[in-house]
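First up is the structure itself, then whatever we jot down about it.
Heavy atoms only: backbone and side chains are in, while hydrogens, waters and symmetry mates are out.
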Amino acid sequence: MIYLDYQATTPLAPEVAKAMRPWIDEAFANPHSPSRWGHEAAAAVEVARKQVDKALGFKGGSIAFTGSATEAINWALKGTVEKARARGSGQRNRIVTIATEHAAVLDTCEWLAEQGVDLTVLPVQRDGRLDLDLLARELDDRVLLVAVTMVNNEIGVTQPITGVANMAHDAGALMLCDAVQAFGRMDVCKGPDLVAMSAHKIHGPKGIGALWMRKGHEPAALIHGGGQEQGLRSGTLSPALCVGFGAAAKLAQDRCNRDYDHVEKLWRAAIQALGPGWTINGSTAHRYPGNLNIRREGVDAARLLADLRDIAFSLGSACASGSGRPSHVLRALGLDYRQARSSIRLGFGRYTTEGELIEACHRLARAAVEQEKLDA
Ligand code: PLP
């Protein structure tokens, strides 16, 4: 099995598994209970929180743990609207986002639109980048929040987050950045007021995410109960998952340059091994190099996936795969249905070897040529 689906999830780092082990095996105390064991668990959670905070490197805010980045994004969007309404600042009732966002952002925004929020979904340019002039024309004193993802999960294209945040602030609005595919892989651009992250994209465990919140801009609570996480997100925390997230964040921070250089080398090797006939979807200049989304005229990507079952790769996004719907991200770039259907995403990272990636690319290229011959 050659695993090339690093945008969907990443393998657990051995260091992370080791750090989590005692909190699974023996140390089962509730971190919110007043016993000595409870205090020890709470202390471990706080160390983890600091590790995530330090890896993000933002000042003037705090981290709350959530069950996933999807939860963090739902909370940021719905809780910010809720807070504005509760404060009577209801004239700011507009959210601006972009067409290539992950479903966690887009579907939540659409749900909010059904609840009366005024929603603007901006198109992107053919390279997947947001045109800041277009954004400037949309920003006024009715905008409450601008939500833009830093690294797109399907095509790896990066957005000018600091520029977007500055423009949002100039208009008196807040900015939410979905940093799921950026955090732990590259520096997250400074400026946003709310930042969503996920552990399982950085060799941490599944089932835990986090929301960084600038002081004073914490969203209203969505989950009520025991008052955990500053009274903003109730529910007993899992020390094992928190410790795993912290360890993964620290490891990613310590290895950041090494991991990035490795991924850049893999990117060049993959392009060379695939050979001619492939087109890269999205900007090649503004991107995270661990995501290679490519298409080839006439290829049926679903058939490639079926022919090469021992290579794990993806058709567009993992979330949309299997739904039969062409990717909304590829359509936003202006690709037609056939081009979207002939696109695949290869995702690689820390544990991918150059040898296995080259082998996979050679086999993909051969399988594509075979298809062409059969269809000719
Ligand atoms: N945002 C982006 C860009 C993602 O890639 C993902 C996961 O695929 C999410 C949000 C959701 O993260 P989680 O799996 O932690 O809910």
Side-chain angles (χ1 to χ4, degrees), residues 1-13 16-17 66-74 100-107 128 149-158 178-186 196-210 241 244-245 248-249 252 259-260 262-263 266-267 270 280-282 287-295 301-302 304-330 340-341 343-353 356-357 360-361 363-364:
M1 167 87 154
I2 302 178
Y3 185 76
L4 298 178
D5 208 8
Y6 268 62
Q7 279 69 45
T9 196
T10 55
L12 196 72
V16 172
T66 58
S68 62
T70 301
E71 183 195 324
I73 291 164
N74 267 263
T100 49
E101 290 294 295
H102 189 274
V105 174
L106 279 182
D107 288 12
T149 290
M150 182 165 155
V151 175
N152 184 274
N153 54 302
E154 290 196 38
I155 53 175
V157 169
T158 54
D178 170 348
V180 168
Q181 297 286 345
F183 175 67
R185 295 176 173 173
M186 58 201 294
M197 295 159 275
S198 184
H200 72 99
K201 310 287 183 180
I202 59 161
H203 308 286
K206 292 171 189 55
I208 182 159
L241 294 180
F245 194 0
D259 282 352
Y260 194 88
H262 176 59
V263 156
L266 293 175
W267 159 271
I280 297 170
N281 292 324
R287 64 161 42 253
Y288 169 66
N291 178 325
L292 180 56
N293 193 315
I294 40 172
R295 67 176 191 274
L304 276 188
L305 200 65
D307 290 346
L308 300 166
R309 285 195 181 275
D310 57 340
I311 306 175
F313 62 99
S314 183
L315 311 173
S317 93
C319 312
S321 289
S323 68
R325 282 182 287 150
S327 145
H328 72 283
V329 175
L330 298 180
R341 271 191 43 202
S343 296
I344 59 170
R345 181 186 69 185
L346 306 180
F348 33 85
R350 187 183 296 165
Y351 302 115
T352 313
T353 66
E356 65 180 345
L357 180 61
C361 289
R363 287 180 54 202
L364 273 162

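- At least one side-chain heavy atom of His203 sits under 4.5 Å from a side-chain heavy atom of Pro11.
- Not counting sequence neighbours, Glu356 has no partner by the side-chain hydrogen bond (donor to acceptor under 3.5 Å, both in side chains) test.
- Residues passing the side-chain hydrogen bond (donor to acceptor under 3.5 Å, both in side chains) test with His262: none are found, sequence neighbours excluded.
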Could you check Ile311 against Leu4 for side-chain contact (heavy atoms from CB on, under 4.5 Å), going step by step and ending with a plain yes or no? CA-CA 7 Å; Ile311 306 175; Leu4 298 178; 4.0 Å; yes
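- Side chain of Thr149 to main chain of Val151: no donor-acceptor pair is present (N/O by atom type, distance under 3.5 Å, no hydrogens or angles).
- Proximity of Ile155 to Leu330: side-chain heavy atoms (C-beta onward) are separated by under 4.5 Å at one or more points.
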For the pair Phe245 and Ile202, evaluate side-chain contact (heavy atoms from CB on, under 4.5 Å) and give the outcome as yes or no after the intermediate values. CA-CA 8 Å; Phe245 194 0; Ile202 59 161; 4.0 Å; yes
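- Of the possible polar contacts, one joining the Tyr6 side chain to the Tyr351 backbone as a donor-acceptor pair under 3.5 Å is found.
- Side-chain atoms of Thr10 and Arg350, non-hydrogen and from C-beta on, never get closer than 4.5 Å to each other.
- Asp178 places no side-chain N or O within 3.5 Å of a backbone atom of His102 that could act as its donor or acceptor partner.
- Here the closest non-hydrogen pair linking Pro289 and Tyr260 is CD-OH, 3.3 Å.
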Applying side-chain contact (heavy atoms from CB on, under 4.5 Å), run through Leu364 and Leu304 and close with a yes or a no. CA-CA 7 Å; Leu364 273 162; Leu304 276 188; 4.0 Å; yes
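- Applying side chain to side chain contact (heavy atoms under 4.5 Å, CB included) to Glu101 and the options Ile73, Leu106, Asp107 leaves one that passes, Leu106.
- Atom CG of Asn152 and atom CD of Gln181 lie 8.0 Å apart (nearest 0.5 Å).
- With rounding to the nearest 0.5 angstrom, the OG atom of Ser314 is 9.5 Å from the CG atom of Asn153.
- Minimum interatomic distance between Asn281 and Arg287 (heavy atoms only, all atoms of both residues): O-NH2, 3.4 Å.
- A 4.5 Å side-chain heavy-atom check between Arg185 and Tyr288 finds at least one atom pair inside the cut-off.
- Summarising the geometry of Gly282 relative to Val157, their closest heavy-atom pair is CA-CG2, 3.8 Å, with the distance given to 0.1 Å.
- Taking CD1 of Ile208 as the start and OG1 of Thr66 as the end, the distance is 7.0 Å to the nearest 0.5 Å.
- In this structure, the side chains of Asp310 and Ile2 stay at 4.5 Å or more apart for every pair of heavy atoms.
- The closest side-chain heavy-atom distance from Thr9 to Tyr3 is below 4.5 Å.
- Nearest approach of Pro205 to Val16, heavy atoms of both residues: CD-CG1, 4.2 Å.
- Taking 4.5 Å as the limit, some side-chain heavy atom of Met150 sits within range of a side-chain heavy atom of Met186.
- A distance of 10.0 Å separates CG in Leu346 from CH2 in Trp267, rounded to the nearest 0.5 Å.
- At a threshold of 4.5 Å between non-hydrogen side-chain atoms, the residues Gln7 and Glu154 do not count as touching.
- Taking both residues in full, the closest heavy atoms of Ser343 and Ala301 are given as O-CB, 3.4 Å, listed atom of the first, atom of the second, then distance.
- Nearest heavy atoms, Ile344 versus Phe313: CG2-CE1, 3.6 Å.
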